[in-house]
There are 2 protein chains.
Amino acid sequence: MCELLGMSANVPTDICFSFTGLMQRGGKTGPHRDGWGITFYEGKGFRTFKDPSPSFDSRIAELVQNYPIKSCAVVSHIRQANRGGVNLENTHPFTRELWGQYWTFAHNGQLTGYDQLETGRFKPVGETDSEKAFCWLLNQLDARFPEIPQDCDAMFALVAECCDTLRQLGVYNMLLSNGEYVLTYCSNNLHWITRRAPFGKASLIDEDVTIDFQQETTPNDVVTVIATQPLTNDERWHKMGVGEFSVFHLGEPVYSRVLESDTSGEKKK
Amino acid sequence: MCELLGMSANVPTDICFSFTGLMQRGGKTGPHRDGWGITFYEGKGFRTFKDPSPSFDSRIAELVQNYPIKSCAVVSHIRQANRGGVNLENTHPFTRELWGQYWTFAHNGQLTGYDQLETGRFKPVGETDSEKAFCWLLNQLDARFPEIPQDCDAMFALVAECCDTLRQLGVYNMLLSNGEYVLTYCSNNLHWITRRAPFGKASLIDEDVTIDFQQETTPNDVVTVIATQPLTNDERWHKMGVGEFSVFHLGEPVYSRVLESDTSGEKKK
């Protein structure tokens with residue numbers, strides 16, 4: 001299995017604190033030794049740092065922890081390989097262009113029977129179930145919306161439906177972003193927290209680091225962090241339900257869909 | 001204008017020495033202050049480091065200079081912006097997937113009348129003439145070869161033709177790679193050198209650094225470096241002719257096409 005980390009913020013924000021926690025799980029406090037990656041959006045562009053070697057002693061991961069790259073949308077992943085070899089082409093996140101936007105994807109879980117997914121013009125380069133699922137998802141979006149959709153809700157609804165389909169094939173926790181929105185899907189393990197004024201302090205679970213967000217922020221900052229497991233032990237993280245799909249925009253939850261069988265369900269906009 | 005740097009090698013080789021020379025031109029010995037990027041292939045995967053700020057004082061460029069990432073195919077670029085703002089989405093190299101391969105592109109030059117290029121399903125994200133040309137080129141390849149071509153020479157010939165067309169729109173020096181081949185096109189400025197045993201010493205033009213390749217290599221290593229301008233002052237670089245198209249594979253030139261009006265022309269395989 002793997003761990004996911006995502007961020008959505010209303011001002012460019014660095015993710016050094018959360019990333020430091022996650023990276024310890026890449027072979028030190030956690031078993032995810034088979035590579036890691038992180039994608040930062042800046043405007044319509046992005047940059048990805050990735051490495052098929054363990055994150056906890058990676059020179060590149062060290063740079064990312066210490067060099068504050070500020071972004072409004074981040075997708076990150078550490079890997080414990082199940083499908084596909086340990087190499088760069090199988091290392092998340094994956095990025096492809098659709099509608100003149102870069103879409104970035106990371107997956108936690110394992111699928112079976114994914115060979116039959118039709119990916120059309122989006123051909124996987126590596127051998128993972130995850131990249132195949134991503135290509136299939138983009139192909140579904142492309143088929144339904146040949147041009148960039150004006151109705152974002154319709155697009156979100158289709159992504160949620162596709163995620164439901166993929167969950168039928170196994171465990172499917174997902175982060176997906178086009179740099180503006182961060183889309184999340186929970187199969188069994190995904191948590192999120194929104195930090196806003198008044199900001200407090202927080203301590204990492206995986207490393208002896210405490211941060212005082214008040215020192216790092218302005219009163220109008222809104223930052224949501226999404227992670228497989230909570231990264232701090234002194235804040236209240238929301239656990240997502242089975243089949244819960246949420247979209248974050250500029251730090252705020254803007255769209256959510258829970259399965260009807262989940263009694264806590266309501267759609268909010 | 002900009003500067004290009006590419007490498008093709010028969011064993012995974014680091015490009016720290018050449019990259020160190022190029023980076024000085026990013027705002028120190030050269031005027032290319034508007035960003036830089038480098039893509040390393042490793043197997044079918046790749047990683048790109050890029051920054052819209054000047055390379056000579058970039059923390060990330062410093063990492064790339066000092067952390068030897070070994071690769072058989074590299075594409076790098078430093079930018080002096082003409083078309084498109086100074087931001088990440090306009091920073092070369094650009095990478096897109098075609099035929100289940102990642103293709104990476106960098107361009108030196110300036111085009112006019114490029115708005116009319118039809119890019120089909122490959123939609124530019126930024127505003128540069130370069131990314132538009134890349135998308136058009138991929139669309140031409142995709143239209144002619146819906147599946148991965150078995151006849152590489154036919155594919156190379158089409159790329160050369162496309163480059164000729166783009167050169168009609170202005171200055172078009174290009175590096176293009178799918179991780180296996182490094183394809184080059186010269187409009188007015190491109191040089192290359194192949195290093196093989198017996199290896200000697202070389203000194204950078206832009207920085208007081210000398211390397212003894214014999215200490216860094218094994219006798220069977222073959223490494224070709226392609227650059228806008230020679231990077232060393234004590235080796236013989238080949239200057240490419242106008243309209244010259246060459247392909248390098250595992251460090252060796254494997255395909256070349258010069259224009260008929262160029263009397264030095266011959267096609268070699």
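A quick note: this is a predicted structure, and the numbers were derived from the prediction, not measured. Chain naming here is simple, since letters A, B, ... match the order of the sequence lines and numbering starts at 1 in each.
A donor and an acceptor atom, one from each side chain of Thr95(A) and Thr104(A), are located under 3.5 Å apart.
Counting heavy atoms from C-beta on, the side chains of Leu183(B) and Phe248(B) never come closer than 4.5 Å. Between Tyr114(A) and Arg83(A) the shortest side-chain heavy-atom distance falls below 4.5 Å. Residues Val247(B) and Val182(B) have side chains not in contact (no heavy-atom distance under 4.5 Å, counting atoms from C-beta outward).
Interface remark: Arg96(B) contributes side-chain atoms only to the contact with chain A (heavy atom separation under 4.5 Å). The contact between Glu131(B) and chain A is made entirely by side chain atoms (from C-beta outward), counting heavy-atom distances below 4.5 Å. For chain A, no part of Asp142(B) is nearby; none of its heavy atoms comes within less than 4.5 Å. For chain A, the nearby part of Glu97(B) is the side chain; its heavy atoms alone come within less than 4.5 Å.
Centroid-to-centroid, the aromatic rings of Trp36(B) and Phe19(B) come within less than 6.0 Å. In summary, the aromatic rings of Tyr172(B) and His107(B) are positioned with their centroids under 6.0 Å apart.
Interface summary for chain B: among Phe46(A), Tyr102(A), Phe122(A), the most heavy-atom pairs under 4.5 angstrom belong to Tyr102(A). No other option in Gly100(B), Pro124(B), Gly37(B), Gly43(B) has as many heavy-atom pairs under 4.5 Å with chain A as Gly100(B).
Within the model, atoms CD of Glu127(B) and CG of Asp129(B) stand 11.0 Å from one another, a figure rounded to the nearest 0.5 Å.
Ion pairing between a basic and an acidic side chain is recognised when a charged N comes within 4.0 Å of a carboxylate O; Arg47(B) and Asp51(A) show such pairing.
Residues of residues 84-92 of chain B lying under 4.5 angstrom from chain A, judged on non-hydrogen atoms, are Leu88(B), Glu89(B) in numerical order.
Looking at residues two or more places apart in sequence or on another chain, you find a side-chain contact (heavy atoms from CB on, under 4.5 Å) between Asp14(B) and Cys16(B), Pro68(B), Lys70(B).
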